[in-house]
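Here is the structure we will look at.
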Protein chains: 2
Amino acid sequence: MPIIKKTYKDQVVAYVYQLLLDGTLNAGEQIKESHLAEEMGISRAPIREALKELIMNGLVEYRPQVGNFIANMSPKQTIDSYTTRGVLEGFAVMQTYNQFSAEELKKLGNLVSQMEAYATQKNNRMLTNTGGEFHDLLISKSNNVQLLEYTDRLSLKLHTLFNRHWGRLYNSSEIARRHMAIVGSLKQGDPVLIEQVIREHYTETGTKIAELQTANSDHH
Amino acid sequence: MPIIKKTYKDQVVAYVYQLLLDGTLNAGEQIKESHLAEEMGISRAPIREALKELIMNGLVEYRPQVGNFIANMSPKQTIDSYTTRGVLEGFAVMQTYNQFSAEELKKLGNLVSQMEAYATQKNNRMLTNTGGEFHDLLISKSNNVQLLEYTDRLSLKLHTLFNRHWGRLYNSSEIARRHMAIVGSLKQGDPVLIEQVIREHYTETGTKIAELQTANSDHH
DNA sequence: CAAATGACGATTGTCGACAATCGATCATCT
DNA sequence: AGATGATCGATTGTCGACAATCGTCATTTG
């Protein structure tokens, strides 16, 4: 995915993704091709292509002959997606654990501190960004293009989930603890432990968000 | 993905996928939207949608403003894809290892025997099918929809790779040995071993096919 | 002669219009 | 009243035509 968005399709993808993170578009809402087309001043063709991409990344749910809807993720699906990300990232980092310099380990620690600060400030946007930077640095040593493709795609889905539900919690000490455990295992240099810790991190986070989802849907 | 293909798009996907397995379309060849459209008697719109899906599954390579080409997988990419599949499948089976009945374990063993037979007969098509059945049964216990989605998509890519290159080898005893190791670890009931064995199976197979690729490209 | 430049052909990118299909509404029948 | 079936509006599915862009190759230029 290029930085420079040449085609309309890429601009539409970025636009809709932004609406998702903003909360302008809520889960379950329908996205009408014609509306989006008119709104952006282009035809339906590039809109459809963009939606196809969002569908493949799990952000949009598609019902044939009916319409496209903002994906309404079930708690179970949330756990599944987080778990899968943990499996992939755990493997990637396990394979490359000895390629991290002292500087990079320090950088990871700093990022965790920043996340903790943003969490206490309830700065959702920066918390998400910093968290993304943390995990990006973790898997940056892997050169498995297939694995990186999947982790990238999952990031989009997980970010929207995180943004949508985590804002109601912000347990900053918990965030710091979870992430420091990863950095700690890296410093220890035990590949088996590293993989295990990363997997646990994601299953725990996924479970937590799933709980927020059910809690949210309950008092409706 | 429904069995009944209602839209043209799904028919196009199936059609092109068939051409890929047949060997009618070879790696690197260009797929011209207009040609396919005329060939199938439909317009370019559904063709483009189908290509988008094949692109997302890694079967077609897309160069903007230039064209769509049958994905020309490098040996490195082959290894990466097989490795990733091993990571996902290994985790899925590790999590569900104690859900296999004695019958199912026997079925797995039978499938291996069949694969061995098809390999000696050099029946590429049935070997691929039976192998697919074997691995489908292995991951069938997992209910992680995200993980299953990725393994499904990877299957398409790996099948084309397998078909394209494995036909020149057919080491039936090796095939049997690799797959029996998986069944054996399952019978042993050691989750850690199971995950390890499945990962090794895929890295070995991927490496082998990558070697065939380089050998093939060398004497050109 | 090498490298930059320009025009050309082929293919994808986008468009607006029409057809097909689905879900909801309402009338009808039992 | 409840179930059933037809009708209608809205949205996606498909189409053919045109525009934009890229790679190629002949041409120019130093």
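Per chain, numbering begins at 1; letters A, B, ... match sequence-line order.
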| query | Around E38(A), counting heavy atoms of other residues, nucleotides and ligands shown, do more than 12 lie under 6.0 Å from its CD? | reply |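 It does not: E38(A) CD has 12 such atoms or fewer within range.
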| Can a salt bridge be assigned to the pair K107(A) and E133(A) using a cut-off of 4.0 Å between side-chain N and carboxylate O? | yes
| query | Can a salt bridge be assigned to the pair R199(A) and E195(B) using a cut-off of 4.0 Å between side-chain N and carboxylate O? | reply |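 A salt bridge links R199(A) with E195(B).
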Is the distance from OP1 or OP2 of [N] to the nearest side-chain N or O of [X] less than 4.0 Å?
X	N	answer
Y62(A)	dG13(D)	yes
R48(B)	dG13(C)	yes
S43(B)	dT14(D)	no

What integer distance in Å separates [X]:[atom1] from [N]:[atom2]?
X	N	atom1	atom2	result
I42(A)	dG16(C)	CD1	P	10 Å
Y8(B)	dT21(C)	OH	C1'	13 Å
E38(B)	dG16(D)	CD	P	11 Å
E49(B)	dG13(C)	CD	P	13 Å
D10(B)	dG13(D)	CG	P	10 Å
E33(B)	dA17(D)	CD	P	16 Å
K32(A)	dG13(D)	NZ	P	15 Å
M40(A)	dC15(C)	CE	C1'	16 Å

| query | Between H179(B) and F134(B), how do the two ring planes meet: parallel, tilted or perpendicular, split at 30° and 60°? | reply |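 The rings of H179(B) and F134(B) stand perpendicular, inter-plane angle above 60°.
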Residue [X], side-chain atoms from C-beta onward, closest of [options]:
X	options	value
Q65(A)	dT12(C), dT21(C), dT14(C)	dT21(C)
Q30(B)	dG13(C), dC15(D), dT11(C)	dT11(C)
R63(A)	dT12(D), dT12(C), dG23(C)	dG23(C)
R44(B)	dT14(C), dT21(C), dG16(D)	dT14(C)

| message | Nearest heavy atom decides the nucleotide; on that basis, is K9(A) or V66(A) closer to the 5' end of DNA chain C? | response |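 Residue closer to the 5' terminus by nearest nucleotide: K9(A).
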| Does the side chain of N57(A) come under 3.5 Å of the side chain of E53(A) through a donor N or O and an acceptor N or O? |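 Result is no, nothing qualifies.
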| request: Assign I31(B) to base, sugar-phosphate, or nothing according to its heavy-atom contacts below 4.0 angstrom with the strands shown. | output: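 It contacts sugar-phosphate atoms only.
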